[in-house]
Amino acid sequence: MASSTLVDVSRAELGLVVMYLNKAEARDKLCRAIQYGSKFLSGGQPGTAQNVDKSTSLARKVFRLFKFVNDLHGLISPVPKGTPLPLVLLGKSKNALLSTFLFLDQVVWLGRSGIYKNKERAELLGRISLFCWMGSSVCTTVVEIGEIGRLSSSMKKIEKGKKNGNKYQDEEYRAKLKQSNERSLALIKAAMDVVVAAGLLQLDPKKITPRVTGAFGFITSLISCYQLLPTRPKIKAP
């Protein structure tokens, strides 16, 4: 019975790995971790690590072909009722900027792969795309702060209604606490991505060095990988 349970657990764990690696988004984020990890190791200096950084960056662009459609869909999709207008506008701005970034990034890929011959324009569009990504990260940061504030207010109301009871036994409170934790992680990731974008654009090269950019990018990549982890199935006891 014990060996049977061990086999079931192993099969379930391997199933999760297969499910995870089957996601194009997960493979992209794993490659992103390799890219920024290499950038951190190279520190902007020529060598093997920098070659890995550049080759992985180009390879990742293939994963993002036509991905701009996702945020274009989000741009025209309705928002949840009760969402404040400023958060709605910021959310839509994020979708528009991220969609533009992903669209222009395809032109950058065409330029670096030699299909699009105007290298100067491709580099210009690449720089514009990075500004769009930085703008979308700023919007995401502000949206997450606003949503965390709304969740905090809702949780305080539940606490007031549970003066003598255990708030953690309340299903609604636990759900909102989980959402708050998830949004807090998303906030950290978005804020760090602003620094990564600034580093790639070399807006402050003395402070945001290639090593700093690589470190921040590697951390946000790991956060993205964590956010994409599938839910573990419950193994029935024998």
Side-chain angles (χ1 to χ4, degrees), residues 1-40 52 56-57 59-75 77-80 83 91 94-95 98-99 101-102 105 133 136-137 139-141 143-145 147-148 150-151 154-155 168-193 196 214-238:
M1 293 294 288
S3 60
S4 177
T5 303
L6 182 61
V7 170
D8 289 340
V9 171
S10 300
R11 187 186 297 116
E13 294 292 337
L14 284 174
L16 286 175
V17 173
V18 172
M19 187 188 306
Y20 186 76
L21 294 177
N22 278 341
K23 296 179 181 179
E25 184 76 8
R27 294 197 299 272
D28 175 48
K29 298 309 178 187
L30 288 170
C31 288
R32 188 179 191 268
I34 295 171
Q35 175 193 342
Y36 283 103
S38 301
K39 185 181 289 293
F40 172 77
V52 172
T56 310
S57 175
R60 283 187 60 226
K61 296 186 186 302
V62 179
F63 286 110
R64 299 201 294 263
L65 288 175
F66 302 107
K67 192 180 173 183
F68 68 92
V69 176
N70 293 349
D71 281 277
L72 194 61
H73 180 264
L75 181 63
S77 297
V79 296
T83 306
K94 181 209 78 170
N95 291 134
L98 193 55
S99 182
F101 158 68
L102 292 168
D105 198 52
W133 179 48
S136 73
S137 296
C139 289
T140 302
T141 301
V143 167
E144 295 302 339
I145 291 172
E147 291 292 355
I148 290 170
R150 293 178 66 205
L151 284 168
S154 299
M155 289 164 68
Y168 295 106
Q169 291 179 350
D170 188 283
E171 188 175 343
E172 184 183 1
Y173 183 89
R174 291 201 308 270
K176 289 188 180 296
L177 180 61
K178 182 181 178 182
Q179 290 175 30
S180 180
N181 291 336
E182 289 172 350
R183 288 194 173 276
S184 296
L185 189 61
L187 170 61
I188 294 169
K189 176 181 174 295
M192 293 183 74
D193 274 338
V196 176
F216 275 60
F218 182 71
I219 293 170
T220 57
S221 299
L222 293 182
I223 292 174
S224 295
C225 290
Y226 171 77
Q227 290 172 325
L228 291 169
L229 286 174
T231 305
R232 287 172 174 269
K234 293 182 180 180
I235 305 297
K236 293 182 178 180

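FYI, the numbering just counts along the sequence from 1.
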Can you give each donor-acceptor pair under 3.5 Å made by side-chain atoms of residues 32-39, sequence neighbours left out, with the distance rounded to 0.1 Å?
from  : atom 1 : to     : atom 2 : distance (Å)
Arg32 : NH1    : Gly217 : O      : 3.2
Arg32 : NH1    : Thr220 : OG1    : 2.8
Arg32 : NH1    : Ser221 : OG     : 2.9
Arg32 : NH2    : Asp193 : OD1    : 3.2
Gln35 : OE1    : Arg60  : NH1    : 2.9
Ser38 : OG     : Ile34  : O      : 2.8
Lys39 : NZ     : Asp53  : OD2    : 3.0

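The shortest side-chain heavy-atom distance between Lys189 and Thr140 does not fall under the 4.5 Å cut-off. A heavy-atom distance below 4.5 Å is not found between the side chains of Leu72 and Asn95.
What you find for Cys31 and Thr56 is that their closest heavy atoms are O-CG2, 3.2 Å. The two residues Cys225 and Tyr20 have their closest heavy-atom pair at O-OH, 2.9 Å. Of all non-hydrogen atoms in Arg27 and Leu21, the two that sit nearest each other are NH1-O, 2.7 Å.
Glu171 has no carboxylate O lying under 4.0 Å from a charged side-chain N of Arg174, or vice versa, which leaves the two without a salt bridge.
Counting only distance, with no hydrogens or angles, the side chain of Asn22 and the backbone of Val18 share a donor-acceptor pair below 3.5 Å.
Note: Leu228 CG to Lys29 NZ = 7.5 Å, rounded to the nearest 0.5 Å. To the nearest 0.5 Å, atom CE of residue Met19 and atom CG of residue Leu16 are 5.5 Å apart.
Scanning for ring pair (Phe, Tyr, Trp, His ring centres under 6.0 Å) contacts around Tyr173 gives Tyr168, with sequence neighbours left out. By the side-chain contact (heavy atoms from CB on, under 4.5 Å) test, Leu185 is found to be paired with Ile223, Tyr226, Gln227, residues two or more places apart in sequence or in another chain being considered. Applying the side-chain contact (heavy atoms from CB on, under 4.5 Å) criterion to Cys139, with sequence neighbours excluded, gives Leu90, Ser93, Lys94, Leu97. Residues satisfying the salt bridge (charged side-chain N to carboxylate O under 4.0 Å, His left out) criterion with Asp105, sequence neighbours excluded, are Lys61, Arg64.
The side-chain hydrogen bond (donor to acceptor under 3.5 Å, both in side chains) pairs that include a residue from residues 176-186 are Glu144-Arg183, where partners are two or more places apart or lie in different chains.
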